[in-house]
Every structure is written in structure tokens, then in C-alpha cells.
Amino acid sequence: MGQFEKRRFPRVDSNNFISYYHLDENDEIYSEGFGKTKDISDVGLLMVTGKIIESPYILIVATDEKHDIIEMKGKVCH
């Protein structure tokens, strides 16, 4: 018997290098790091980093297949 996915939005495997920036409550950058995405959905992504994410707010910077820069600002959940 297989397991059923209970998530509202399906996750897609991803394997992209990213830069991330810790933001304070005024959207000011106070720390940065590098990581890698593992999966992504319409409402979030799973990334692996070498450091603990210290902030509840984060800015993620990546490039797409055309090498255009993508910036995503969000809230850290876990």
C-alpha cells in the first residue's frame, strides 16, 4: 500500500544553487549564505544550507535557465 501525498500543492524536485540573505524586520540584510534547493512548490521550497537560518525573514537569489536573476522574499517556516 503506497503513501498518499497530503500537501495542497505538489512538490517538484529541484537541484539549484542559491544565495540567501537574512533580513531584519526592516528588510535590511544582516547576514548571508549559500545553499541548494531540494524541492519547490507553489507556496514554498526546501533548501539545504551549511548554516542555521537565523532570521524569520529571508531573501533568496537564484538564476533561471536563461541566467536571469530571480529574487524571492519570504518567511522561514522550519
Legend entry - Residues forming a side-chain contact (heavy atoms from CB on, under 4.5 Å) with Thr63, sequence neighbours excluded: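 Result, side-chain contact (heavy atoms from CB on, under 4.5 Å) vs Thr63: Ile69.
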Legend entry - Contact check, side chains of Asp13 and Asn15, non-hydrogen atoms, under 4.5 Å: no
If you take all heavy atoms of [X] and [Y], which pair is closest and at what distance?
{"X": "Asp24", "Y": "Asn26", "value": "OD1-N, 2.8 Å"}
{"X": "Ser41", "Y": "Pro10", "value": "CB-O, 3.3 Å"}
{"X": "Glu32", "Y": "Lys51", "value": "O-NZ, 2.9 Å"}

Inset, instruction - Nearest 0.5 Å please: distance from the CD1 atom of Ile18 over to the CD1 atom of Ile70. - result: 11.5 Å
Legend entry - Separation between CD1 of Ile58 and OH of Tyr21, rounded to the nearest 0.5 Å: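 Reported to 0.5 Å precision, the distance equals 11.0 Å.
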Inset, instruction - Answer with yes or no whether the hydrophobic clustering places Leu45 together with Ile53; edges join I, L, V, M, F, W, Y residues whose side-chain heavy atoms lie under 4.5 Å apart. - result: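 Yes, it is one cluster - the side chains of Leu45 and Ile53 are joined through contacts under 4.5 Å.
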Inset, instruction - Please answer: with hydrophobic residues joined when any side-chain heavy atoms are less than 4.5 Å apart, are Tyr20 and Tyr57 in the same cluster? - result: no
Inset, instruction - Examine the side chains of His22 and Ser31 and answer whether a donor and an acceptor come within less than 3.5 Å of each other. - result: yes
Legend entry - With Arg11, the side-chain contact (heavy atoms from CB on, under 4.5 Å) member among Val43, Ile40, Leu46: Leu46
Inset, instruction - Examine distances only and state if a side-chain atom of Thr37 and a backbone atom of Asn16 form a donor-acceptor pair shorter than 3.5 Å. - result: yes
Inset, instruction - Could you tell me whether a side-chain N or O of Asp64 sits under 3.5 Å from a main-chain N or O of Lys66, the two making a donor and an acceptor? - result: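 Pair found, side chain donor or acceptor close to backbone of Lys66.
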Inset, instruction - Flag yes if more than 12 heavy atoms outside Asp68 fall under 6.0 Å of its CG atom; otherwise flag no. - result: yes
For residues 71-78, tabulate all N or O donor-acceptor pairs below 3.5 Å that involve a side-chain atom, not counting sequence neighbours.
unit_1: Lys73; atom_1: NZ; unit_2: Asp27; atom_2: OD2; d: 3.0

